[in-house]
Amino acid sequence: MKPEASTQSGLPKLVTCPTCGGDSVYAPSNPFRPFCSERCKNIDLGAWASEDFRMPTTGLPEDQKTDDEQ
């Protein structure tokens, strides 16, 4: 078994939860890391599934055909 991640002071490493911004223990004892809870993990998964994290695009170049145009 691997030891838990900890700082030099022996305390567990704390990171910021990407969803709520609260403290989250970044160690094997937290199965939802880097999230603080299952709720925050599921909120993030829902946002990903509904494509809230998509990258902006300017569209296809004019000379590039899509599968429908070929």
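What you are looking at is a predicted structure, and each value in this text was computed from that prediction instead of being measured. All values below come from the heavy atoms of this structure, side chains included, with hydrogens, waters and symmetry mates left out.
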For the CD atom of Glu38 and the CZ atom of Phe32, what is their distance to the nearest 0.5 Å? 4.5 Å
How far does CG of Asp44 sit from OG1 of Thr19, to the nearest 0.5 angstrom? 4.5 Å
Under the side-chain hydrogen bond (donor to acceptor under 3.5 Å, both in side chains) test, residues paired with Asn30 that sit two or more places apart: Ser24
List the atom of Val25, the atom of Pro12, and the distance in Å for their closest heavy-atom pair. CG1-CB, 3.8 Å
Would you name the heavy atoms of Phe35 and Cys17 that are closest together and state the gap between them? CA-SG, 3.9 Å
